[in-house]
Trainee: 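Mind having a look at this structure? Questions to follow.
Just so we're clear, the structure is a prediction, and the values are computed from it rather than from any experiment. Along the sequence shown, residues carry numbers from 1.
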Amino acid sequence: MEGLSRFIYNYEFAGFTATCDFTIFVIAVDTTPPIVTCPADITRNIEIFTGGTTVSFTEATATDNSGTATLASRSHSPGSFFVTGSTTVTYTFVDPSGNSATCSFQITIIEVDTTPPVVTCPADISRTIGTLTGGTTVSFVEATATDNSGIVSLASRSHSPGSFFVTGSTTVTYTFADPSGNSATCSFQITIIEVDTTPPVVICPADISRTIGTLTGGTTVSFVEATATDNSGIVSLASRSHSPGSFFVTGSTTVTYTFVDPSGNSASCSFQILIIEVDTIPPVVICPADISRTIGTLTGGTTVSFVEATATDNSGIVSLTSRSHSPGSFFVTGSTTVTYTFVDPSGNSASCSFQILIIEVDMTPPVVTCPADISRTIGIFTGGTTVSFVEATATDNSGIVSLASRSHSPGSFFVTGSTTVTYTFVDPSGNRATCSFQITIIEVDTTPPVVICPADISRTIGTLTGGTTVSFVEATATDNSGIVSLTSRSHTPGSFFVTGPDTVTYTFVDPSGNSASCSFQILIIEVDTTPPVVTCPADISRTIGIFTGGTTVSFVEATATDNSGIATIASRSHSPGSFFVTGSTTVTYTFVDPSGNSATCSFEIIIIEVDTDPPVLDCPGDIFQGVPSGTSTIAVTFTQPTAFDNIDGPPIEVSRTHTSGDLFPVGTTAVTYVFRDLSNNFASCSFRVTVFIADGADSIDPVVICPADVTHVASRNAGEATVSFQEPTATDNSGTVALVSRSHAPGSIFYIGATEVTYTFRDLSGNTGSCTFTVTVLRGEGGPEVSMCPTSMNFSTCDMEYEVSWTPPKVVTNSDSDPFIWSSHSPGDPFKIGNTVVIYTFEDQNGNVAQCNFQISVNESTDNCGGRMYIIYVVVAAVFGLVLTTTLLVVCIKGYKKVKNDGRQDRDSSIYEMSGMERQTESGTHPAYINRDTIRHDYPMSNRYERQIFSLDTGYINVRKEREVII
């Protein structure tokens, strides 16, 4: 076991007594450095003259046999700027014993020219040539290029100055390259255009002569337009003085056409249009309007009188030359054209015509046939009904007749009383005919009474009883007449009904003889009515810590038996393992048999809160006091430990091993304080006072590593929160470092806002190191509210890790949807030896966040877990022989007794006893047996420090909390 132990042996031999006093100081030393893994070397290409670039990379990692390897230093971090060339990146890691290991990798930055030359081409070039020449040579200024390297070469060009270019557009391309092989290109267009200078060939029509009536002044003339052709194949009309159909005045008019080709060459032609006035106007003849006459069918025709046509002429003289019919002529059925023709002195003639239409017309109306009158009877108070009937029909001498209108259609609704239905038909000549018939609706009571029977009745009776009498409410009836009578019923209320179903029927009639019936079933069922016999466990009482609010309770479930042989649990208020709040809770079980008979039993679960929490102690950190060489003791002052209790007020100090200001010898001395609260819960705490010879050689401060800043969301509307976190760690080149002070401990209360937490450590030479991190508590207003957050838990194990289960916390939100839940761990996860903070985070749909934090502490069991290997430095001072011997012993102890450590934060005292015979061989030739008296040692214990112990049984390095034995 590690630590400093002093043993005193009293010996008796041959009447002589002697005392042997020696001290054993056990130190476990880890000399194995961490295993560090760096990423592979990295190469990055950048543009020349940029000087460097930032590089991201995966950070080096480290593992250690202690389970903890901390980054001590790194030459560069991911995202750092690296200059052109090769840079070594170095990572150094250190384990809790101060063993360090380093790895390195190269980051090489290579400047590469990736910028192409800048190329400048001349502007596009255009040249015109004669048509059909095919092309021409063109001279131009060559393209030029510049480059950031200062050197650029012409790699290729599609054409050189003075090359021959065919008609059309040609692309000239230049390509340049720099010494790094970067190339760039530019292009420009050379366009060769053939130009036409030959005008079009234009052809006009011959001169035109037109005669017109006198005094008309002119006329419109249509003619074939001029045409043109061109060697280009394309010619367009540029202008014309007149277009076909234009008005030309009496006399001669020149018409001119001008055409142009695509090259702008134009040509014209002209011709004459001559207008001569001559009397060519015929007379103006006016005929009467068309005439229509109707006659009876089959008469063949009739005579028709009409006003004769008239005529006028610009000469003032006009004569009738002919007419096809004269007024009073006979005209046959159908249409006849009557034509009149007149002539003037110049021989100009004109005619007019009109139509005389003789129409034979039908004036006989259709013959219509209606159905006979219809009579319908309906129920009283119905007001009417729909009636279907055969529609009226009609015939006509023309063979065609159509329905013009009808007052009602078949299927229409007819009200009570008599209604006239009228049909009208028409033939193609518009002759109409009508017929009518009556539909009479008579109200008669045909509605039977409305009968209401009671609902079906089911009666359960004991088995083998055969039947029972049943009373029931009799059926009732109503009728639209207001009068209804019961005519029959199959059973009366109170009749005896045998087991099984039976139909009960009632019949009623109204004054019109309409009858109606109703029926209902009476079912007699023989049923088991004996409930099950239920047995509940006895009342249960559990004691829990105060302020815990309740606990889960497991119990044996209630049981039931039934005469049917089957009894099923119908409900239970709580199941085994449910959470029960402080106080008395009734647990109720209900069972039911196949016949529906139920029975219930209850028992009480009583949760009593008892103060089982020991006082909370605040001990100072370990004290290191240096003394000059040659000094054996020194007075050491320290802050007296204090105690706090959650219930009973300030605890009572029971004992202490030392007081501030006592003399302490060189070496390590444990100081222990024991306190008791009014509920007789004990707690102890210890710290060590180490007095060492200070030679001033060590001036290096401990290296302290703090956790990252912590953010915690308080409960809704709370102004504070309890926050757990991983405690900082420290290493020192001396291998020994102790916590001197801390502003807050895990599980402390933090108020809304940011709070700095500071830890300070000190080594044996008095050098101190500190680190600070921030705990921020956010207000949880309106967000999720966590309930039943587990409290911190302590466990012991002989293994490397321990599986821990807990009831997950619950959350209440004011939103309709479930919150999102994240957790750092899950129930049943394995936890390694040490302290781990479990974090639950809840977020609702509005982004409000709440957290639940608790700590799980896994300690190595203090039960017999197998052998341990120790390096023991033994100093033996023997009275006999005045011999001072220093020996290095390697001892493998199997099944040694270890002091029990229940994992709690407080300290306690334990008793260790050694007794029996011990064989010892003196220097000489004969052995002797010496009786060693029983030695009783009282020693305080501390679990404040981590030690690395090597096990011969497992071959593993275990990081565990060991109690230190100080005599």
Trainee: Any idea which heavy atoms bring Gly467 and Thr499 closest together, and the distance?
Mentor: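 Shortest heavy-atom contact: N-OG1, 3.6 Å.
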
Trainee: Using a cut-off of 6.0 Å, state whether more than 12 heavy atoms not belonging to Gln640 lie near its atom CD.
Mentor: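 Count over threshold, so yes.
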
Trainee: Below 4.5 Å, heavy atoms only, C-beta onward: do Gln851 and Tyr840 meet side chain to side chain?
Mentor: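 No - every pair of side-chain heavy atoms lies 4.5 Å or more apart.
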
Trainee: Does one side chain, of Ser857 or Asn835, offer a donor that lies under 3.5 Å from an acceptor on the other?
Mentor: yes

Trainee: Is there a donor-acceptor pair under 3.5 Å between the side chain of Asp528 and the backbone N or O of Thr530?
Mentor: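 It does hold such a pair.
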
Trainee: For residues Ile607 and Val553, determine if any side-chain heavy atom of one lies less than 4.5 Å from a side-chain heavy atom of the other.
Mentor: yes

Trainee: Would a 4.5 Å heavy-atom cut-off, applied to side chains only, mark His712 and Phe750 as touching?
Mentor: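 The answer is no, as the side chains (C-beta and beyond) never meet within the 4.5 Å cut-off.
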
Trainee: Which atom names give the shortest non-hydrogen contact between Pro615 and Arg676, and what distance separates them?
Mentor: CG-C, 4.2 Å

Trainee: Output all residues satisfying ring-ring contact (aromatic ring centres under 6.0 Å, His included) with Phe725, sequence neighbours left out; order by chain, then residue number.
Mentor: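 ring-ring contact (aromatic ring centres under 6.0 Å, His included) check on Phe725 returns Phe773.
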
Trainee: Are any non-hydrogen side-chain atoms of Phe497 and Thr469 less than 4.5 angstrom apart?
Mentor: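 No, every pair of side-chain atoms sits at 4.5 Å or beyond.
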
Trainee: I need the Thr588 OG1 to Arg572 CZ distance, nearest 0.5 Å.
Mentor: 13.0 Å

Trainee: How about Ile569 and Thr590: do any of their side-chain heavy atoms sit closer than 4.5 Å?
Mentor: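 Ile569 does not reach Thr590 side chain to side chain.
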
Trainee: Side chain to side chain contact (heavy atoms under 4.5 Å, CB included) between Val804 and Phe795: does it pass, once the steps are laid out?
Mentor: CA-CA 9 Å; Val804 180; Phe795 301 94; 3.5 Å; yes

Trainee: Under 3.5 Å, side chain of Ser66 to main-chain N/O of Thr68, donor-acceptor pair present?
Mentor: yes

Trainee: Determine, stepwise, if the pair Thr758 / Thr772 fulfils side-chain hydrogen bond (donor to acceptor under 3.5 Å, both in side chains).
Mentor: CA-CA 4 Å; Thr758 301; Thr772 300; 3.1 Å; yes

Trainee: Give the C-alpha distance, both sets of side-chain angles, the deciding distance and a yes or no for side chain to side chain contact (heavy atoms under 4.5 Å, CB included) between Thr668 and Val689.
Mentor: CA-CA 6 Å; Thr668 300; Val689 175; over 6 Å; no

Trainee: Are any side-chain N or O atoms of Asp709 and backbone N or O atoms of Thr774, one a donor and one an acceptor, separated by less than 3.5 Å?
Mentor: yes

Trainee: What's the separation between atom CZ in Phe603 and atom OG1 in Thr586, rounded to the nearest 0.5 Å?
Mentor: 9.5 Å

Trainee: Determine the interplanar angle of the Tyr673 and Phe638 rings, folded into 0 to 90°, and report it as parallel if under 30°, tilted if 30 to 60°, perpendicular if over 60°.
Mentor: perpendicular

Trainee: Strictly distance-based, threshold 3.5 Å: is any side-chain N or O of Asp456 a donor or acceptor partner for the main-chain N or O of Gln521?
Mentor: yes

Trainee: With side chains defined as the heavy atoms from C-beta onward, is the minimum distance between Thr465 and Glu526 less than 4.5 Å?
Mentor: yes

Trainee: I'd like to check the side-chain contact (heavy atoms from CB on, under 4.5 Å) partners of Cys601; sequence neighbours left out, ordered by chain and number.
Mentor: Val534, Cys536, Ala558, Tyr589

Trainee: Can you measure from CD1 (Ile833) to CG (Asn859) and round to the nearest 0.5 angstrom?
Mentor: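 These two atoms lie 8.0 Å from each other.
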
Trainee: Among Thr529, Asn563, Val592, exactly one meets side-chain contact (heavy atoms from CB on, under 4.5 Å) together with Asn597. Which residue is that?
Mentor: Thr529

Trainee: Roughly how far apart are Ile749 CD1 and His744 NE2, rounded to 0.5 Å?
Mentor: 10.5 Å

Trainee: If you define the side chain from C-beta out and look only at heavy atoms, does anything of Ser686 sit under 4.5 Å from Cys619?
Mentor: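 No. Closest side-chain heavy atoms not under 4.5 Å.
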
Trainee: Where do Thr797 and Val858 land on the side chain to side chain contact (heavy atoms under 4.5 Å, CB included) test, with the steps shown first?
Mentor: CA-CA 7 Å; Thr797 181; Val858 179; 3.7 Å; yes

Trainee: Set out, in order, the CA-CA distance, both residues' side-chain angles and the distance that settles side chain to side chain contact (heavy atoms under 4.5 Å, CB included) for Val838 and Trp806, then state yes or no.
Mentor: CA-CA 11 Å; Val838 178; Trp806 61 87; 4.1 Å; yes

Trainee: Is the Phe831 to Tyr802 ring centre distance short of 6.0 Å?
Mentor: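 Centroid distance Phe831-Tyr802: not below 6.0 Å, so no.
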
Trainee: Which value, rounded to the nearest 0.5 Å, describes the distance between Ile525 atom CD1 and Ile461 atom CD1?
Mentor: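 Rounded to the nearest 0.5 Å, the CD1-CD1 separation comes out at 9.5 Å.
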
Trainee: Determine whether Tyr759 and Glu727 make a side-chain contact, defined as any pair of heavy atoms from C-beta on separated by less than 4.5 Å.
Mentor: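 With C-beta onward as the side chain, the pair touches.
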
Trainee: Judged by atom type as modelled, is there a donor-acceptor pair below 3.5 Å linking the side chain of Glu609 to the main-chain atoms of Gly549?
Mentor: yes

Trainee: Within the distance-only criterion (no hydrogens, no angle test), does the side chain of Ser823 pair as donor or acceptor with the backbone N or O of His825 below 3.5 angstrom?
Mentor: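 Yes.
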
Trainee: Please check if the side chain of Glu604 supplies one atom and the backbone of Ala538 the other of a donor-acceptor pair under 3.5 Å.
Mentor: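 Not a single qualifying donor-acceptor pair exists.
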
Trainee: So, the side chain of Ser724 versus the backbone of Phe854: is there a donor-acceptor pair under 3.5 Å, distance only?
Mentor: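 It does not hold such a pair.
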
Trainee: Quick check for you: to the nearest 0.5 Å, what is the distance between Ser541 atom OG and Ile608 atom CD1?
Mentor: 3.5 Å

Trainee: Closer than 3.5 angstrom, by distance alone: can the side chain of Asp593 be matched with the main-chain N or O of Ser598 as a donor-acceptor pair?
Mentor: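 It does not hold such a pair.
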
